[in-house]
Structures are given as C-alpha cells and as structure tokens.
Amino acid sequence: MALGAVAYSTWLLEALLGAGLSPVSSYVSELAAQDQPFGTLFRTTDLTAGLLILAGAAGALRWLPRGRATVVGWAGLALFGAATAVDSRLPMSCAPTADAACGARERAGLVPATHAAHVVSSSVAVTGALVGMVALTLAARRYGILPSLAGPLGALLLLLELAATTWTLAAIAAFDAGYGAWAMGVGQRLQVLLIAVWLGLLAHAVRAGVRRG
C-alpha cells in the first residue's frame, strides 16, 4: 500500500520533467495522455500504483481481522486500485485544457472511445478511494483499530479530501460549462495528493496494528 502511494504520486515529477501542462488548470490525467511527451511514464506508474494498491487491499481482506466497515473500506480500496490500473490502459488521446482543437473534439464527441471511457474509469477510481477512506477512518475511530487513522490526522486528511473533491467537481462542472477552470488543476492535484498521503498513513496504521496485536 505504501509503495502504491509512492507510485500514485509520480505526477509530482511534472515540474522537474517540464511536462508543459499548467498545474493550475490541467487535469492530472492529461500528463498521461497519448500525445504528451511523458505519457508512457505516467501511464506505467499509474498501472503500477493500481496493481500495488489492489494487492494491498486484497491482502488485507484475506489476512486482517474483518468487520462490516473494514470489508467495505478494503473493498473500496480494491476497486480504487483496479480502476486506477484500468484507467492507465484507457488514456486520454490529447490534453483538452491545453489544446483547443482537442477540447473541441471532446465536446463534439469525436475523441476515441478510450478517451471517453477514461472519464468513467477515473470516476470509479475516485469513488472507490473515497469509500475506502470514509469506511476505514470511521472503523478506526469506532473500533480502536488502525491507530494512526483513528487520531486527529486521519480525520483531518479525510475532511480535506472531501473538500478537495468538492472543489474538483465544481471546477470541472464550471470548465465544461465554459466558465473557466476555477483552478481545477490545483484542486485535483490536492485531491490525489491527499489520497496518497492517506494511503501512506494507512500503511503505517496497519503495520502498527500488526505489531501491537
């Protein structure tokens, strides 16, 4: 799970690599678009992250103590991992926020099926992550398991994630309606960064729980 969090954070290299997309207004997924110079790198790291997170969640379902909330939480993370892996195989064909022609083709429905399907797989991935975060954080606080998640930091990360997700959804809706980007890129980057940090905290909580048990 910790390694998955690291792989999921590879987008942070965009500034060092000179990816050429605005971090303020672009989707994170555009870094992995087929026409982007580092698209192969980011698609590969997304696939790696998804498979690692899926494996971690499956292992937790198999070997860790299970209750209703924890099963829901780990299943949500398994869905997140699987959808992230699928997402990497369904890349955007171009970057609509940076390429006006790409944006026009997207609005006209003239992009490849993989481009359109990417929106669905990305939505499923984030939904799975949110289900996992909510269920496992609540389970940790209610049942005294996963000690790191039960503390103030776990609750803070969850609240910030929900706020970042709300910001991202509102910004996407505004962009699609032609009202500008609303710093969509910042909101989404904060959203995925918080997921990665929470996954790291989860890995620490599992390790601490196993040692304590």
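Just so you know, residue 1 is the first one in the sequence shown, and it goes up from there. As a basis for the values below, the full set of heavy atoms in this structure was taken, side chains included, without hydrogen atoms, waters or symmetry mates.
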What are the two closest heavy atoms between [X] and [Y], and how far apart are they?
X	Y	result
Arg43	Ser88	O-CB, 3.3 Å
Ala140	Ala150	O-CB, 3.4 Å
Ala116	Val111	N-CG2, 4.4 Å
Ala181	Ala171	O-CB, 3.5 Å
Ala83	Ser121	CB-O, 3.8 Å
Glu106	His115	OE2-NE2, 2.8 Å

Could you grab the distance from atom [atom1] of [X] to atom [atom2] of [Y], nearest 0.5 Å is fine?
X	Y	atom1	atom2	answer
Leu41	Leu17	CG	CG	6.5 Å
Thr114	Arg89	OG1	CZ	11.5 Å
Leu199	Leu3	CG	CG	11.5 Å
Leu158	Arg141	CG	CZ	9.5 Å
Thr70	Leu138	OG1	CG	12.0 Å
Thr40	Gln34	OG1	CD	9.5 Å

Please, which pairs that meet salt bridge (Lys or Arg N to Asp or Glu O under 4.0 Å) have at least one residue in residues 2-16, sequence neighbours excluded?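 For residues 2-16, and leaving out neighbouring residues, the salt bridge (Lys or Arg N to Asp or Glu O under 4.0 Å) pairs sorted by first residue read Glu14-Arg189.
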
Mind checking what makes side-chain contact (heavy atoms from CB on, under 4.5 Å) contact with [X], not counting sequence neighbours?
X	value
Leu160	Leu156, Leu194
Val197	Leu157, Leu193
Thr168	Ile172, Gln188, Gln191
Gln36	Leu21, Ala33, Ala95

Could you give me the CA-CA distance, side-chain angles and deciding distance for Thr45 and Leu13, then say whether side-chain contact (heavy atoms from CB on, under 4.5 Å) is met? CA-CA 12 Å; Thr45 54; Leu13 295 174; over 6 Å; no

Between Thr10 (side chain) and Ala7 (backbone), is there a donor-acceptor pair under 3.5 Å?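 Yes, the answer is positive, given that a donor and an acceptor are paired below the 3.5 Å cut-off.
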
Is there a donor-acceptor contact under 3.5 Å from the side chain of Glu30 to the main chain of Thr97? yes

Same cluster (ILVMFWY, side-chain, under 4.5 Å), [X] and [Y]:
X	Y	answer
Val186	Leu162	yes
Leu90	Trp11	no
Trp74	Leu201	yes
Tyr27	Leu31	no

Quick note, disulfide (SG to SG under 2.5 Å) partners involving residues 55-132, not counting sequence neighbours, are Cys94-Cys102

Other ILVMFWY residues reachable from Leu169 by side-chain steps of under 4.5 Å: none

Does one side chain, of Thr84 or Asp46, offer a donor that lies under 3.5 Å from an acceptor on the other?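 No, no side-chain donor-acceptor pair sits under 3.5 Å.
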
Residue list, ring pair (Phe, Tyr, Trp, His ring centres under 6.0 Å) with Tyr8, at least two apart or on another chain: Phe80

Measure the shortest side-chain to side-chain distance between Leu77 and Leu136 over non-hydrogen atoms and say whether it is less than 4.5 angstrom. yes

So do Val131 and Leu79 actually touch side chain to side chain, heavy atoms under 4.5 Å? no

Taking distance alone, no hydrogens or angles, what donor-acceptor pairs closer than 3.5 Å link side-chain atoms of residues 53-68 to residues at least two apart or in another chain?
from: Arg66; atom 1: NE; to: Leu61; atom 2: O; distance (Å): 3.4

Side-chain donor-acceptor contacts of residues 142-149 below 3.5 Å, not counting sequence neighbours, with atom names and distances?
from: Ser148; atom 1: OG; to: His204; atom 2: ND1; distance (Å): 2.7

Any ring-ring contact (aromatic ring centres under 6.0 Å, His included) pairs touching residues 34-60, not counting sequence neighbours? none

Going by ring-ring contact (aromatic ring centres under 6.0 Å, His included), name the pairs with one or both residues in residues 165-202, residues two or more places apart or in two chains.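 Applying ring-ring contact (aromatic ring centres under 6.0 Å, His included) to every pair that reaches into residues 165-202, excluding sequence neighbours, yields nothing.
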
